[in-house]
Amino acid sequence: MDEDTKVTYQWDSEEEPDAPQIGADAEETTDEGDDPAARAAETADEEIEAPELKSPENEATAHRSGDAPRPSSAAPAPPPEAAAARSERIFHLPPVLSAVEDEPEEETPEAVSASAPIPFARPAAPQSAPRSAEAPVTSPAAAPHLIDEHDVPFELAGAQKLGIVGGKMAGKSYLFQAMVYRTTAGVKSGALTYYLEGGGIRLFSALQHQGRADTLNLVRFTRRYERWERLPQTILINQLWYRLQLPYRTGLLGTGRGALEVEYFDGSGEGFFEVGFSRENQEQWRVGYSDARVMVFCLPLWAAFPGRSMTEEDWRRRDELLEGFEQVVQNYTSLWEKFGHPVRTILALTMADDPRGALTALRESWITPYLDQDHRYLRRLRKGSGIARYLASARRVSEALRAEFESARDPHVAGIPQKLSFRAGAPWLIPVSAVEGRMLDSIESRYPDPDARPRLDPPVPAHVELPLLVALCERENALM
Amino acid sequence: MHSFDSSHRQTQTQWPDPLAGGELWNPGSWALPATTLSVASLVAFVGVLAFTLRSELMRTLFVLPFHPAFFSVPAAALAWFIALTCRNRPGRHFPRYWVLILAVGASAVAAASLLPEPGRQPWLHNLVLATAAAVLTLTPRLVRVAPDSRLVQSIATLSLVGVLVLVLPSAFVIGRGAVERQRHRVETHLRALCDGTAEVRQATGYDWSRMAENPPAAAAVVEPLSQMQLDQVTADPTLWRIAATLGLAEELAATAEELMESLAGGLSPDRAPQLSALPEPAVWWDHERKRWVASAAFPALSRTTGEYHRQLGRLFQELAPDGAAVPAGLARRHRELQEELRSALEQQASSFSDGWIVESLPGELGSPPPPLVEVLQASLLEDPSESLAPADLGQLMRMTLGRTQVLARRAPGCKERTYEEGSYEYSRLDCYAYRPAGEDGGADLRVEMRLVYRSRPARELGSWEKPAEVFFLFPVPAGEEGIGAAERYAQQVMSELAAAVGRLWNGGVRPADRGGTHHLGFRLVADDGEGLRVYRPRVVTFVDERYAVEVRAERS
């Protein structure tokens with residue numbers, strides 16, 4: 001976040017008088033720059049958190065801001081006990097699964113369904129059980145605290161498939177979490193408020209597209225997101241299918257009820273998206289995206305437009321992100337060439353609040369006001385006039401971003417918009433923020449133990465509902 | 001020049017606030033396209049309707065140059081297509097309600113435009129155009145628009161402006177064309193009335209007393225009257241409203257009044273052709289050759305006479321003002337003329353020779369055929385106040401030849417003939433009554449009455465001589481063929497003759513038949529002892545193998 005922008009973080013604004021200090025601390029720590037000691041501690045923390053999961057080159061960045069790595073200076077190293085506790089609460093993978101992770105090309109869907117853990121899930125087994133014997137959460141059906149029912153087929157004729165793709169740590173999972181969180185309450189759904197009426201949303205999940213759907217408890221699903229707990233990286237064994245059901249009013253008199261069914265495949269960036277398009281994974285690509293009419297490509301904004309505060313580690317991470325993004329685009333292009341129907345594309349420039357990015361003016365105008373006064377924006381977005389003006393702003397932002405891409409010196413960046421055109425016009429470029437990364441870092445550093453944290457105001461996702469609006473328009477021509 | 005700084009240098013400095021997009025003046029930023037298009041459709045409807053109703057001239061005269069169903073039916077179909085296509089779209093109520101209202105309204109307008117003669121209701125044409133414009137403005141709802149499209153903010157404005165640019169100039173041209181068409185229509189009717197007046201004046205100005213000299217010429221004078229149609233003028237209330245809007249109502253009324261007066265004047269007996277004025281009757285008795293002779297010219301002349309009256313009567317009836325839009329003065333004048341005409345026709349109906357004309361007149365001016373008993377009591381004289389009827393046998397048998405010769409000059413339709421036969425000199429007064437001849441359009445002889453004077457042998461007739469007999473000939477009506485029908489007709493004739501004579505005879509009427517009927521004749525006995533005898537009727541062969549009934553009356 002820009003240094004000139006004063007941000008006041010409110011936890012429980014009246015009950016926690018010292019809450020604003022956290023924000024101040026965050027800014028101060030940001031200003032301090034790199035701290036080698038903290039960075040070392042952070043690396044150690046990563047090694048402790050997920051020894052079976054992370055590859056050495058990922059460990060340094062995996063824990064950073066909700067969507068992607070953050071400057072190490074922003075987060076002091078948590079106590080080792082808290083880090084250990086977190087690792088136990090998040091990842092309980094038996095050794096055999098670690099082996100599977102090491103050889104993803106040999107993994108079969110059956111194997112995944114048999115062993116995939118539930119993301120954001122608390123283990124059902126007692127904490128005192130041996131790690132190898134701990135019951136890993138291998139499927140939604142095995143997590144009764146998360147699943148309410150499971151008697152509905154997941155595959156639904158006519159469902160609108162929304163592809164959210166991107167490289168490792170590009171923020172895909174956070175984006176989907178933020179979408180679900182944003183649409184949980186119809187009246188606070190941002191640009192979708194105008195349409196979502198007549199009932200609450202529902203979320204289903206399945207291990208396989210042809211499998212049975214399990215209805216998810218939305219409170220549980222978004223609990224970690226709301227509590228500012230860092231989401232784990234999606235790996236091959238916890239890839240899942242989601243179907244988000246968004247109800248709306250239909251009929252000549254508006255008395256009927258319809259629903260937008262949005263399917264989303266939460267795939268692993270490292271284990272699936274960034275792997276080259278091959279015979280082994282093309283079936284998964286085909287099932288996931290061949291009939292998707294709307295594709296969302298995720299790339300952190302700061303990676304596309306790096307600012308001057310980038311560290312060498314950030315530059316290295318940027319290179320990985322661009323490389324992963326390029327691979328994802330190549331994979332999708334290879335798939336698309338097989339069917340070739342028009343696909344509307346969105347380039348979701350995630351982590352738009354990240355201060356490492358160069359587009360400070362964009363951040364101050366498009367992101368920060370929304371984060372600071374989300375109630376004001378959400379209230380105005382309940383009206384059609386608010387949405388009309390919002391879409392006009394989004395279009396102007398997209399056009400300006402297109403100019404920024406054209407002015408980028410890195411040809412890999414400058415050519416991104418052209419690569420994302422699949423016979424349905426140029427991509428819509430939307431800077432989004434699923435969770436405020438610096439805030440996440442600050443909270444984690446101050447309260448390493450999530451259970452010890454005070455009650456906090458939930459994150460403010462900014463502009464994350466726009467891809468859903470595109471899906472709604474693509475399916476129902478909602479604007480007209 | 002190379003730099004060690006690889007960071008991006010932002011080129012765009014003006015980024016909008018999330019809610020700062022769209023200009024306030026742009027309607028596209030006031031609501032989402034479904035709503036703005038619905039509002040634009042409503043504006044188009046109101047705007048086009050207001051434009052086409054902006055003046056009295058347009059309110060009254062705006063008519064599409066084609067059948068309104070050509071617009072209204074496709075517009076209704078398109079409206080329903082939009083409503084059904086968009087029914088499953090998410091969103092709020094106003095766009096749904098508006099497209100539903102528009103579809104129902106367009107259907108109602110389409111149904112109204114399919115009713116007979118929709119052109120008579122100018123407001124329907126205005127509604128058809130306004131509805132079509134509204135539906136057309138709403139049609140872009142069928143277009144797929146993505147959230148990042150510029151059309152989100154501009155499609156409603158583009159649609160509204162496009163439709164108004166298309167429709168308003170078209171409405172202006174259509175309105176101006178409609179005014180010109182209606183002006184031409186009124187002027188056409190004006191010309192028709194003027195031409196009609198000229199035609200009627202030509203017919204009424206003809207010297208009908210000489211029509212027997214050139215029957216084809218007389219028929220040619222009447223022929224144009226049958227081609228005239230005036231009901232489109234007076235029976236069309238919109239014409240008078242349109243004429244009033246165009247400031248032509250007074251001129252139209254004056255022309256119509258002029259024509260009315262020409263028609264009424266043309267029906268007066270002194271200007272109309274009369275069969276009584278013909279030099280020869282339909283049939284007469286050739287005493288030299290002892291046979292009945294039919295006039296060769298009579299059928300055509302009677303047709304011309306009947307046609308003249310029928311057409312003038314029809315035209316006068318067609319000019320009868322109908323509806324509130326007709327000027328009150330014109331309606332009043334028509335009523336006055338009709339009363340005058342009816343009075344004159346009632347007088348003519350009591351004439352023995354020309355009363356049949358009234359039977360042939362159409363509508364309120366005409367009257368049903370009178371029974372024979374009334375015909376026989378009709379006056380033979382020009383002035384009905386001077387009572388001299390064919391059934392007044394007592395008066396007739398007392399009339400001297402000299403008086404008869406004087407009265408003959410004032411008895412239209414009566415011809416005096418004098419001739420010798422053997423050692424006798426005869427003088428006759430032949431009077432004829434007619435009836436309409438069915439589909440022929442002419443007249444057919446109904447009664448011939450002869451007052452016959454005969455001298456004493458080898459003596460000349462003196463003016464003091466009294467009639468030797470009264471002779472009646474009653475041709476059997478056409479269509480009743482055969483001797484049986486003739487005999488039945490003879491009985492009917494005798495009954496009616498006895499009734500008519502009995503009303504005018506000052507004394508008793510005694511049937512010759514002991515059965516009490518008059519079929520075999522009857523006797524008349526006056527209080528002063530004078531007596532007359534009406535002989536039993538005789539059925540004879542008339543012209544063209546037709547039958548007739550002869551009846552004679554003499555002093556007893």
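Order of the sequence lines fixes the chain letters, A, B, ..., with proteins taken first and strands second; residue numbering starts at 1 for each chain.
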Exercise: identify the closest heavy-atom pair between [X] and [Y]:
X        : Y        : result
A/Ser365 : B/Pro18  : O-CD, 3.2 Å
A/Cys473 : B/Pro147 : SG-CG, 3.7 Å
B/Gln10  : A/Thr360 : NE2-OG1, 3.2 Å

So what's closer than 4.5 Å to chain A heavy atoms on [X]: side chain, backbone, both or neither?
X        : value
B/Leu100 : side chain
B/Val145 : both
B/Ile155 : side chain

(request) Tabulate, in ascending numerical order, the residues of residues 34-55 of chain B having at least one heavy atom closer than 4.5 Å to a heavy atom of chain A, or enter 'none'. (result) B/Ala34, B/Thr35, B/Leu37
(message) Between B/Leu19, B/Leu142, B/Asp17, B/Val152, who has the most heavy-atom pairs with chain A when the cutoff is under 4.5 Å?
(response) B/Leu19
(request) Under 4.5 Å, counting heavy-atom pairs only, tell me which of B/Arg96, B/Gln12, B/Arg87 racks up the most with chain A. (result) B/Arg96
(message) Strictly less than 4.5 Å between heavy atoms, which residues of residues 376-384 of chain A line up against chain B? Please order them by number.
(response) A/Tyr377, A/Arg380, A/Leu381, A/Arg382, A/Lys383, A/Gly384
Under a 4.5 Å heavy-atom cutoff, which of [options] has the most pairs with chain B?
options                                : result
A/Val470, A/Leu391, A/Ile430           : A/Leu391
A/Gly258, A/Ala191, A/Gly307           : A/Gly307
A/Tyr194, A/Phe305, A/Tyr390, A/Tyr195 : A/Tyr194
A/Ala462, A/Ala424, A/Ser407           : A/Ser407

[X] portion near chain B, given a 4.5 angstrom heavy-atom threshold:
X        : result
A/Leu260 : neither
A/Arg318 : neither
A/Ala394 : neither
A/Arg389 : both

(message) Check this for me: B/Gln14, atom CD, are more than 12 non-hydrogen atoms of other residues, nucleotides or ligands nearer than 6.0 Å?
(response) no
(message) Could you check whether atom NE2 of A/His412 has more than 12 heavy atoms from other residues, nucleotides or ligands sitting under 6.0 Å from it?
(response) no
(request) Nearest 0.5 Å please: distance from the CH2 atom of A/Trp428 over to the OG atom of B/Ser149. (result) 10.5 Å
(request) With rounding to the nearest 0.5 Å, note down the distance linking OG1 in B/Thr13 to CG in A/Leu362. (result) 12.0 Å
Quick check: does any side chain N or O of [X] sit under 3.5 Å from a backbone N or O of [Y], one acting as donor and the other as acceptor?
X        : Y        : value
B/Arg141 : A/Met480 : yes
B/Gln153 : A/Ala388 : yes
A/Arg249 : B/Asn88  : no

4.5 Å side-chain heavy-atom contact, [X] and [Y]:
X        : Y        : answer
A/Asn477 : B/Arg89  : yes
B/Arg144 : A/Leu479 : no
A/Ile367 : B/Trp15  : no

(request) Determine, stepwise, if the pair A/Leu252 / B/Tyr97 fulfils side chain to side chain contact (heavy atoms under 4.5 Å, CB included). (result) CA-CA 8 Å; A/Leu252 280 176; B/Tyr97 289 169; over 6 Å; no
(request) Could you give me the CA-CA distance, side-chain angles and deciding distance for A/Glu399 and B/Arg150, then say whether salt bridge (Lys or Arg N to Asp or Glu O under 4.0 Å) is met? (result) CA-CA 11 Å; A/Glu399 290 170 355; B/Arg150 285 179 182 275; 3.0 Å; yes
(message) Just to verify, which of A/Glu404, A/Met310, A/Arg409 counts as forming a side-chain contact (heavy atoms from CB on, under 4.5 Å) with B/His8?
(response) A/Glu404
